Amino acid sequence: MSIELTRNFSIIAHIDHGKTTLSDRLLEHTQTITERQQQDQLLDSMELEREKGITIKSHPVAMNYKANDGITYKLNLLDTPGHVDFSYEVSRSLAACEGAILMIDAAQGVEAQTVANVHLAMEQNLAIIPVINKIDLPAADVDKCRQQLEDILALPGDEAIPASAKMGIGIEEILEAVVARIPAPTDHADDGLLRCSVFDSIYDNFRGVVSYVRCFSGSMKKGTRIKLFHTPKTYEIKETGVFRPAMTAVGDISSGDVGYFIANMKSAAEVKIGDTVTESKNACAEPLSGYKEIQPMVFSGIYPIDSSDYEALKAAMAKLQINDAAFTFQAESSVALGFGFRCGFLGLLHMEIIQERLRREFNMDVISTYPSVIYEVTKTDGSEIVIDNPSLLPEPPEIQEIREPMVRIFIMIPAEFIGDVMQLLMDKRGILENTETIDDSRVMLTGTVPLAEILVDFNDKLKSMTRGYGSMDYEHAGYRPEKMVKMDMLIAGEPIEAFSTIVHTDKAAPYGRDLAKKLKDVIPTQMFVVAIQATIGGKIIARETISAMRKNVTAKCYGGDISRKRKLLEKQKKGKAKMKAFGKVSIPQDAFIRVLKSGD
């Protein structure tokens with residue numbers, strides 16, 4: 001099929017606005033799948049995706065559509081993740097398209113992530129087709145959504161297509177709009193050289209790495225020798241194909257096509273998302289623009305609950321990394337938790353997904369330490385270091401400045417909750433920069449807040465205080481110098497590194513008191529008094545005390561001189577003092593699990 005009859009497009013939307021359901025209807029309407037193959041959330045192949053109702057991995061699919069003008073078009077749909085953690089994957093998928101369908105919930109209207117995704121599409125100069133979905137709901141307000149499109153996104157509201165993906169309403173109109181409004185792809189260059197952009201990859205146990213690509217110029221087929229700009233090796237293509245929606249081999253992939261190739265790649269690390277594929281001998285001079293290394297933003301220690309599972313956990317993580325190059329891990333050990341791994345993630349959802357996949361797919365019972373972010377540290381000797389583990393932070397006299405990562409946050413809420421949300425933002429050390437009225441009932445707050453402050457409970461609190469109507473999105477906004485300190489927890493004078501954390505000086509004392517109380521509740525009573533202390537640079541900022549287990553040594557005294565009882569009590573007192581000097585506190589494994597799993 002000629003390049004003029006090809007349309008490459010993506011579907012972008014806020015979470016739960018019906019993106020995957022629309023994909024199902026498009027596949028059915030174009031008869032890409034048979035009635036026997038039909039099932040809800042067809043492109044979400046992972047059990048976790050179906051359960052959580054979110055897309056985690058990109059799922060491209062090729063469809064043939066016979067339009068009302070009688071011409072058959074090839075439509076390449078690139079389904080994308082919707083969560084902010086995977087925004088780089090979304091941007092790479094959008095870079096492989098000429099247009100995008102923007103979905104808006106007719107009852108919810110424009111949300112925070114809707115705005116962020118539209119900006120990504122506009123940066124790529126894509127043709128945008130607005131679709132107002134879920135018009136069958138009783139609370140649907142199509143006119144209000146059209147007005148929001150114009151006021152918030154500067155898109156023509158009268159061009160929006162009313163639809164219901166669930167009921168199959170408006171599907172034909174959407175497909176006709178894709179053919180009419182989205183331009184056909186054009187050759188990136190007229191020199192005939194091969195240029196393909198990798199927008200995703202997976203690992204197949206039998207065939208090795210499968211790379212998803214969009215071809216911008218030239219063509220590739222079985223036997224073509226290729227190279228990637230950010231990998232020194234060369235490879236021979238074993239198979240090229242498209243997704244219908246299963247992988248289907250075809251003779252070649254040429255300019256304008258979206259498909260996959262399989263070469264002799266043994267590791268997902270050999271191909272980077274956003275990299276450019278070209279022929280090894282007749283190579284193009286420069287790669288396609290937009291490539292960048294994916295850097296983890298959140299770090300956490302993951303340990304097996306049973307120490308004998310260490311090797312099995314290592315093997316499981318290696319298999320996960322093959323399919324998810326953004327996930328990183330390296331071995332570390334802890335006195336309290338034993339041998340484990342320091343892992344890097346794109347964000348908290350990414351971390352949650354990896355942990356859940358370890359439990360479900362590999363039957364691994366794991367415990368994770370409190371998540372931390374990357375800090376930039378300038379030492380007094382002028383050297384610069386990055387810290388992703390609190391235990392690696394230099395001593396206070398060696399530190400000149402600590403900079404923590406900031407995010408620019410966009411919060412969309414009903415106007416009645418503005419006071420509560422502003423207070424939440426200030427409690428998290430955020431700075432409110434702008435308040436914008438969207439319509440008669442909603443406002444959007446824009447501000448900057450430390451990434452560490454929104455990691456654990458910010459979104460939960462936002463949803464709770466806005467009765468589920470609040471939504472948020474964020475983008476990284478560089479680093480800012482702050483008064484950060486390392487807080488250690490001492491139990492009977494011994495530092496427990498599993499509970500060490502980097503906190504702001506203003507929040508150190510409350511956090512230390514809270515953690516000390518939790519530890520007091522879970523550490524069993526010893527034969528001597530145990531002090532639990534939160535310290536910063538040797539200075540104690542919080543303390544809890546576990547009383548000693550005490551035996552009634554005077555029980556056998558039935559009368560007689562009081563000095564006998566005093567002598568026994570004094571003897572017990574000396575024994576307790578000696579035990580305190582030489583005794584060690586035994587902290588059971590489940591104490592760590594209970595504290596670390598209780599959130600912050």
Side-chain angles (χ1 to χ4, degrees), residues 7-15 17 19 55 58 60 76-104 110-131 148-157 159-160 177-178 181-186 188-189 195-200 212-216 256 258 272-276 286-295 297 326 346-347 406-410 412 433-434 436 438 444 446 448 471-478:
R7 300 290 185 270
N8 298 317
F9 69 100
S10 185
I11 304 175
I12 54 176
H14 184 79
I15 289 173
H17 278 201
K19 183 159 54 73
T55 301
S58 297
N76 292 315
L77 164 62
L78 286 81
D79 192 23
T80 58
H83 196 274
V84 64
D85 282 4
F86 309 107
S87 59
Y88 179 61
E89 267 193 55
V90 176
S91 71
R92 289 298 85 219
S93 294
L94 293 179
C97 301
E98 281 73 41
I101 294 174
L102 168 66
M103 294 195 73
I104 295 170
V110 173
E111 301 271 23
Q113 280 173 263
T114 315
V115 178
N117 287 332
V118 168
H119 288 162
L120 280 175
M122 287 178 170
E123 286 172 13
Q124 307 278 8
N125 295 316
L126 301 188
I128 298 174
I129 301 172
V131 172
Q148 288 179 355
L149 279 169
E150 295 187 356
D151 295 345
I152 303 169
L153 304 174
L155 295 172
E159 292 184 7
V178 167
R181 298 192 211 173
I182 295 176
T186 56
H188 183 81
R195 294 177 180 85
C196 289
S197 176
V198 179
F199 62 86
D200 203 358
Y212 298 1
V213 293
R214 156 70 195 273
C215 189
F216 285 92
V258 173
K272 309 282 189 183
I273 293 177
D275 205 352
T276 300
E286 293 180 349
L288 297 165
S289 61
Y291 171 78
K292 66 177 182 181
E293 284 277 358
I294 305 177
Q295 298 294 339
M297 294 300 298
L346 294 173
M406 307 296 294
V407 292
R408 187 173 171 81
I409 193 167
F410 309 93
M412 210 165 281
E433 296 172 351
N434 187 39
E436 183 181 351
I438 295 171
M444 184 161 87
T446 306
T448 55
S471 64
M472 63 167 272
D473 192 71
Y474 64 85
E475 60 188 26
H476 298 289

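Because the structure is a prediction, the values reported are computed rather than measured.
N8 places a side-chain N or O within donor-acceptor distance of the main-chain N or O of G256, the cut-off being under 3.5 Å. Q124 contributes no side-chain N or O that, together with a main-chain N or O of L94, makes up a donor-acceptor pair within less than 3.5 Å. Formation of a donor-acceptor pair under 3.5 Å by the S10 side chain with backbone atoms of L78 is found in this model.
Using a 4.5 Å heavy-atom cutoff, the side chains of N76 and R214 are not in contact. Between K272 and V198 the shortest side-chain heavy-atom distance does not fall below 4.5 Å. Side-chain atoms of T446 and E436, non-hydrogen and from C-beta on, never get closer than 4.5 Å to each other.
Between atom CE of residue M103 and atom CD1 of residue I11 there is a gap of 7.0 Å, rounded to the nearest 0.5 Å. Here the CG-CG distance, from L126 to L102, works out to 11.5 Å after rounding to the nearest 0.5 Å. Rounded to the nearest 0.5 angstrom, I12 CD1 and I129 CD1 are separated by 11.0 Å. Going from atom CG of L153 over to atom NE2 of H119 covers 7.0 Å, rounded to the nearest 0.5 Å. For the atom pair CE (M444) and CG (N434), the distance works out to 7.5 Å, reported to the nearest 0.5 Å. We find the CZ-CG distance between F9 and L77 to be 4.5 Å, quoted to the nearest 0.5 Å.
Residue V258 comes nearest to A96 through the heavy atom pair CG2-O, 4.4 Å, listed as atom of the first residue, atom of the second, then distance. The two atoms that bring R181 and E159 nearest to each other are NH2-O, 3.1 Å, heavy atoms only. Of all heavy-atom pairs between M412 and V115, the closest is CE-CG2, 3.9 Å. The minimum heavy-atom distance between A100 and I182, with the atom names listed, is N-CD1, 4.3 Å. I409 and M472 make their closest contact through CD1-CE, 3.9 Å (heavy atoms, listed as atom of the first residue, atom of the second, distance). Looking at every heavy atom in both residues, N117 comes nearest to A13 through ND2-O, 3.2 Å.
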From CA spacing to verdict: side chain to side chain contact (heavy atoms under 4.5 Å, CB included), M122, L155: CA-CA 11 Å; M122 287 178 170; L155 295 172; 3.9 Å; yes
